[in-house]
Peer 1: 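Have a look at this one before I ask anything.
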Amino acid sequence: MSAEPAAGDGTAPPDPLAVMRSRKYLGLLVMTAALGVPVSAAAFGFLALVQELQSLTYKDLPRALGLDGTPLWWPLPLLAVSGLLTALTIRHLPGTGGHKPAEGRVSGGPAAARDLPGIALAALASLGLGAALGPEAPLIALGGGLAVYAARLVRPGLAPSAAPVVAAAGSFAAVSALLGSPLLGAFLLMEASGVAGTMLSLVLVPGLLASGVGALIFTGLGSWTGLGTYSLALPHVPHATQPTVAEFGWAVVLGVAAAAVGTGIRWLSLRVQGWVERAGRRRTAVTVAAALAVGVLALVYAWGTGRDASQVLYSGQNALGPLIAQSAGYSVPVLLALVLCKALAYCASLGALRGGPIFPAMFVGATGGLALSHLPGLTVTAGFAMGIGAMSAAMLRLPMTSVLLATLLLGHEGVTVMPLVIVAVVVSYVLVLRPWGRSVRAPEAAGGVKGSGA
């Protein structure tokens, strides 16, 4: 992400501290702060459009057609259209709809300007019509690509070495409010990129500046439009007691379980991706079939439990709050059915559609933790938090971000259960790095994020 020259060109890399003291770096800070305004506004508009599409297609459209509520079968046509539109976008527009979510983190530079429409359309078709994926990966790619494109319009002679810094700042701004805190979004991007030392400061300072500006824009637009900030939040969290010896034992159990489930999800999602990509001329039909599988899983869950099919659909971001607030009303069989159906829908979505992996992983882990909290020695809040952290670590391979996702989300109660979350995350992370975890990783997943998806 720096201005470091290619290895073997005979020149020494520039001193990051010297770069940060230069007037050009100060100008770069001003530019990234300014770019944070339009990029975060575009990200807000993207999230608003996704939310409106979900509400329009799942709630308003059935009523407009004269149906009595949303029928159990309703997700099927939605997901068929989602698969069709996503497949057509991947096939006919540049950029293949952005990075492949089954492969996890990807390396590479910021998205090219010509790829941005395809990334946005594929994500809208997937997220707006029911895919079990989150918006963070397309937002990161769109934010970085838009920032570099705008910077080159303003400054045509933008140095190639500055483009990754600008892209990172755009990505920071795009996800500034999504995870509940601009600092958490920044931490996600920096841990994923693998940048450290003084080079970390070189990229982090403009990124944090753009992230802070972006958070202000999200707050202002949310208040002005009345739409809210689309920020991850849990308004009602049960009181957490001090950790017990039994709960530390449960932390190990949850870590092991999350590593096993996460490895299975990654293995199956990569197999689904392989089936889609090897389909050749039948790729569109296979993508539609994979998307329909998500709808079938939602239908089966709703029919078998009497609960809303939307818990299986979508990212799960908006469902986390009601899940913990109403946890007393969920029986163990219902929670286990939700874990199974959501995890399988997650696999199909990762392998065939476009979006990000964070929120569904959090939802699957949280649901599993709540199921285990029905057993002796584990409280609801501790199980919920440990499930989020352990499954996030299994799917993202970002241990520090996983701990923060699970604890900052719970506010004061998160501080109380943080030691338990750390144990669960470490166990899960260490296990997925073992040979059986590495064996299901795609080659592209080995790199860090550099201006693209998480």
Side-chain angles (χ1 to χ4, degrees), residues 99-106 126-127 130-134 136-137 253-277 290-291 293-294 296-298 300-301 311-317 319-320 335-372 386-399 401-402 405-406 424-425 427-446 453-454:
H99 92 283
K100 303 167 186 176
E103 295 177 358
R105 295 176 286 147
V106 296
S126 296
L127 305 178
L133 295 169
E136 72 284 348
V253 172
L254 268 164
V256 173
V261 173
T263 299
I265 289 173
R266 291 176 68 85
W267 179 87
L268 183 54
S269 63
L270 286 170
R271 295 305 176 275
V272 172
Q273 177 182 295
W275 296 334
V276 171
E277 294 183 344
V294 178
V296 170
L297 289 162
V300 168
Y301 171 74
Q311 292 182 315
V312 174
L313 305 174
Y314 310 122
S315 69
Q317 175 186 357
L320 280 170
L335 289 170
L336 292 178
L338 182 54
V339 168
L340 178 62
C341 292
K342 186 73 171 185
L344 291 176
Y346 187 24
C347 291
S349 300
L350 284 170
L353 303 173
R354 291 295 184 263
I358 294 179
F359 293 117
M362 294 175 67
F363 188 85
V364 170
T367 307
L370 288 179
L372 289 178
M386 288 190 291
I388 289 176
M391 186 57 66
S392 297
M395 293 304 299
L396 305 179
R397 269 70 166 180
L398 304 175
T401 298
S402 299
L405 280 171
V425 165
V427 171
S428 176
Y429 180 66
V430 169
L431 287 177
V432 297
L433 292 183
R434 302 299 296 170
W436 53 79
R438 292 198 305 268
S439 65
V440 299
R441 296 179 68 190
E444 293 85 351

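Since we're looking at a predicted model, the values are computed, not measured. Keep in mind that the numbers below use all heavy atoms, side chains included, and drop hydrogens, waters and symmetry copies.
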Peer 1: Just to verify, which of R266, M362, E136 counts as forming a side chain to side chain contact (heavy atoms under 4.5 Å, CB included) with P357?
Peer 2: E136
Peer 1: What's the shortest heavy-atom distance between G262 and A394, and which atoms?
Peer 2: CA-CB, 4.1 Å
Peer 1: For Y314 and L127, which heavy atoms make the closest approach, and how far apart are they?
Peer 2: CD2-O, 3.7 Å
Peer 1: Any heavy-atom pair between the side chains of I265 and M395 that's under 4.5 Å?
Peer 2: yes
Peer 1: To the nearest 0.5 Å, tell me how far L370 CG sits from L335 CG.
Peer 2: 6.0 Å
Peer 1: Flag the pair I358 / L405 as yes when at least one side-chain heavy-atom distance between them is below 4.5 Å, and no otherwise.
Peer 2: yes
Peer 1: Using atom types as modelled and distance alone, determine if a side-chain donor or acceptor of K342 lies under 3.5 Å from a backbone N or O of Q311.
Peer 2: yes
Peer 1: Do H99 and R354 come close enough that some side-chain heavy atom pair is under 4.5 Å?
Peer 2: no
Peer 1: Side chain to side chain contact (heavy atoms under 4.5 Å, CB included) with S402: which residues, sequence neighbours excluded?
Peer 2: S392, A393, V425
Peer 1: To check you understand the geometry: which heavy-atom pair defines the closest contact between L431 and A259, and what is its length?
Peer 2: CB-CB, 3.6 Å
Peer 1: Less than 4.5 Å apart, any side-chain heavy atom of M391 and any of V339?
Peer 2: no
Peer 1: Would you check if S269 and E103 make a side-chain contact, meaning some heavy-atom pair closer than 4.5 Å?
Peer 2: no
Peer 1: For L340, give me all partners under side chain to side chain contact (heavy atoms under 4.5 Å, CB included), at least two apart in sequence or on another chain.
Peer 2: L344
Peer 1: Using every non-hydrogen atom in the two residues, find where F363 and A319 come nearest and quote the distance to one decimal.
Peer 2: CE1-CB, 3.6 Å
Peer 1: For L336 and A371, work out which heavy atoms get closest and say how close.
Peer 2: CD2-CB, 4.1 Å
Peer 1: Where do A258 and S428 come nearest, in terms of heavy atoms and distance?
Peer 2: CB-OG, 4.1 Å
